[in-house]
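We name chains A, B, ... by the order of the sequence lines, and we start the count at 1 in each one. These figures come from a predicted structure and were not determined experimentally.
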Amino acid sequence: MIWKRIGLKELNLPEFKEYNNEFLPNINGMNLKITKTINRKNRPVLDSYRGLGEELEKIPQNHNNAGIELKLDDDVTIKEPLLINYYLDNNNPVLIDHNLIDVGKNSVLTLIFDYASDDTTDLFHNGLTDVTVNENASLNIIKLQRLNSSSNNFDTNIILIKDSGKVNLITIELGAKITAVNYTNYLHGENSSANLSSIYLGDGNRKLDLNYTMIHKGRRSESNIQSKGALKDNSVKVFRGNLEFLKGAKKSKGSESEYTTLLSPSVKSDSIPALMCHEDDVDGNHAVSAGRIDENKLFYLQSRGLDEFSAKKLIVESSFNPILEKIPDENLKKIILLEIERRI
Amino acid sequence: MEKKKTNVKDIDRRIYDIKNELNYSFKTDSGLTKDIILDISKQKNEPEWMRDFRLKSLEIYSQKPFPKWGADLSDLDMDNIVTYIRPNTQMKHDWNDVPEDIKNTFELLGLPQAERESLAGVGAQYDSEVVYHNIRQELVDKGVIYTDMETALRDYEDIVREYFMKLVPPTDHKFAALHGAVWSGGSFVYVPEGVKVDIPLQSYFRLNAPGAGQFEHTLIIVEKNSYLHFIEGCSAPKYKVNNLHAGCVELFVKENATLRYSTIENWSKNMYNLNTKRAVVDKNGTIEWVSGSFGSKVSMLYPMSILRGEGARSEFTGVTFAAKGQYLDTGTKVVHAANNTTSTVNSKSISKDGGHAFYRGLLRVSKNATGCKSTVSCTSLMLDNESKSDTLPIIEIDNDNIDIGHEAKIGRISDDAIFYLMSRGISEEEAKAMIVRGFVEPITKELPLEYAVELNNLINIELEGAIG
């Protein structure tokens with residue numbers, strides 16, 4: 001069903017191939033354990049899960065060719081972000097990464113995943129990132145996807161958050177021909193919180209299916225989904241934001257907002273923001289808006305000497321800025337800004 | 001100190017639950033076969049094309065699957081639903097001629113009184129056939145037609161044939177096909193060009209027989225520069241077996257015309273309400289839906305507006321109240337198919353005692369429809385944590401020249417609001433009552449006065465301590 005809206009009728013899965021590029025981050029002197037993931041099948045089966053479908057999710061569980069297995073002990077703070085580079089090329093055209101991340105109590109960690117590629121055609125990525133954030137721990141994950149425009153990208157993220165645990169997610173979708181991502185956050189702990197910020201850029205014939213879910217089970221849990229995107233040419237986007245409050249999630253708060261800037265008449269933009277509530281003592285809201293660039297803003301910038309094109313670009317870029325500001329890697333930020341500038 | 005709970009009462013159903021003895025002149029067997037369809041058609045003395053239409057619909061019905069989403073329909077046993085029941089009376093134009101028991105039912109529902117006081121015309125359907133129909137003479141003189149569908153099919157066959165199930169074809173979904181096969185009763189309204197009908201017309205549908213289905217068809221055509229307000233009311237007493245309502249409403253709003261379609265639906269809680277309503281609006285025309293869903297066990301109801309003329313407008317105001325044992329899946333669909341069309345959706349839902357209110361909506365902007373504006377707002381109020389409340393609005397945009405906004409909120413009565421009102425010298429009880437009344441106010445103010453009063457009575461609030 002997830003494929004109806006982006007018009008994907010069937011998917012030819014590529015043959016399994018080895019992936020030999022190096023991806024483990026440099027952890028010199030850091031107090032943590034990290035290894036390549038060997039086949040792991042166990043994954044917590046959690047309630048009310050809606051993802052990309054069993055077929056795609058089974059693959060990284062059964063036949064991964066890459067992935068990190070990271071365990072951070074209790075009470076450890078890692079200040080430097082860890083950078084995990086996945087690079088697809090002619091010799092490594094298939095990436096199936098299964099990442100297992102466990103952040104110990106009171107620990108702090110930042111991970112950056114960079115999915116990039118060269119110009120080889122028909123690259124394929126299908127990943128699964130399985131995260132546990134223990135009591136009072138704090139985890140930041142930044143995922144940048146900038147595969148080339150002929151590749152297929154599928155990515156599933158399942159995140160379990162325990163008491164007072166915190167998760168900040170930033171997902172930036174710039175590449176691939178078809179990209180379908182799923183982030184499901186289980187706010188099981190009391191006072192747990194999850195923040196998801198997403199930026200996407202659709203141009204050419206790109207198709208994006210973005211699926212973000214927050215499931216509140218713990219009392220006083222808080223979540224926020226914020227998505228900003230721009231669409232031009234013949235791009236197609238589906239945004240699915242689900243806020244779900246299970247019974248017992250008293251005093252919880254959840255909000256989601258989505259804003260899409262439409263830059264060409266032939267774009268297609270679907271939004272399905274769902275709000276499901278089985279507990280009365282909560283505060284949930286969502287807002288979705290879409291439209292052209294505000295004429296007043298445009299007029300103002302033009303009156304200051306910018307041409308229409310630069311003015312539009314500036315407006316879109318500035319809408320991305322609050323999210324980009326949160327990225328703790330200057331180099332990466334520069335890459336993203338250049339890419340956005342080049343493409344709009 | 002123990003917190004006291006505020007109690008929002010269920011809708012008072014006493015007058016709706018009055019059952020009459022079953023008294024009919026013709027009744028089909030339960031279930032659905034070709035013979036039953038032929039039987040209905042023969043009883044009604046229909047033209048051949050309608051008989052063939054019914055048979056074709058039956059064919060489509062048997063091929064279509066049940067919807068896979070929304071309500072659980074497994075309890076709905078089609079083989080036990082009686083599709084056609086003719087009450088033992090002919091259609092009347094004077095209440096005094098309507099049989100006593102049927103008249104009493106409508107008397108209790110307040111229909112004859114309303115007709116005397118504030119309506120331009122009234123239709124009353126009892127089980128499968130319309131038993132009463134009347135319209136003020138001055139409207140007849142202006143060329144307004146308001147009659148039951150059977151009469152319309154006989155007297156205005158060419159109009160009916162042109163419009164009948166063109167907007168909701170039997171291929172639309174399983175229950176539209178069912179409707180096409182077994183439809184009976186309903187109202188036909190034709191407002192000629194330039195006529196403003198300034199007092200509302202009303203049709204009331206009452207299902208008395210147990211284990212039966214009601215399949216009335218409402219067809220309204222409002223010609224250029226005309227105005228009409230049409231009110232639809234529905235109710236049925238509760239039986240142990242499940243009843244089915246699969247009506248169909250087709251509204252044609254021509255250039256510059258305005259149609260307001262109000263519904264207060266209060267079916268009993270053994271009713272499956274699977275109704276299809278659709279309006280198509282031409283240039284600069286307006287459709288206004290006012291929809292109150294209070295009854296039924298299961299509802300799946302999404303009035304749809306197709307804005308096909310430039311500058312057409314639609315407005316939807318809906319309130320859904322889901323109490324114990326109810327699953328009310330309601331919402332609206334809007335298709336912007338022409339330039340500069342605008343739509344507004346304002347939906348409110350309340351759920352309590354384990355009731356499940358589900359807002360499901362669709363907003364579509366077609367490829368060549370530029371300059372469209374739409375705002376959608378959904379608010380849900382949960383009165384306890386036994387209940388459920390879901391919101392699922394789907395927004396599909398196919399071009400860049402639009403302005404779309406959607407927002408939804410869910411929650412309970414906020415302590416802050418109560419605190420604020422109390423700080424202004426209002427008692428706690430009154431503050432809460434104000435908030436709940438204020439919550440449904442957008443719909444009450446859209447209704448004719450006597451309905452607004454009734455709605456306020458329906459939701460009887462007993463306030464004592466906090467909600468929640």
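Here the rule is side chain to side chain donor-acceptor pair (under 3.5 Å) with B:S343, and of B:S374, B:S314, B:S305 only B:S374 fits it.
Using cut-offs of 30° and 60° on the angle between ring planes, the pair A:Y183 and A:Y212 is tilted. Using bins of under 30°, 30° to 60° and over 60° for the plane-to-plane angle, the ring pair A:H188/A:Y186 lands in the perpendicular bin.
Interface check for chain B: of the options A:S269, A:A274, A:A287, A:G254, the most heavy-atom pairs under 4.5 Å are formed by A:S269. The residue among B:I402, B:L392, B:L381 with the most heavy atom pairs within less than 4.5 Å of chain A is B:I402. Each of A:I272, A:N285, A:V288 has some count of heavy-atom pairs under 4.5 Å with chain B, and the biggest count is that of A:V288. The most heavy-atom pairs under 4.5 Å with chain A, out of B:R360, B:K367, B:E396, come from B:E396. In terms of heavy-atom pairs under 4.5 angstrom with chain B, the leader among A:T260, A:L263, A:D270 is A:D270.
No cation-pi contact links A:K228 to A:F320, judged by a cut-off of 6.0 Å to the six-membered ring centre and 45° from its axis.
Under the 4.5 Å side-chain criterion, counting only non-hydrogen atoms from C-beta, A:Y200 is in contact with A:L231. Proximity of B:V345 to B:S377: side-chain heavy atoms (C-beta onward) are nowhere separated by under 4.5 Å.
The part of A:K250 that comes within reach of chain B is its side chain, from C-beta onward, which places non-hydrogen atoms under 4.5 angstrom from that chain. For A:S264, the part lying near chain B is the backbone, with the side chain staying farther off; criterion is any non-hydrogen pair under 4.5 Å.
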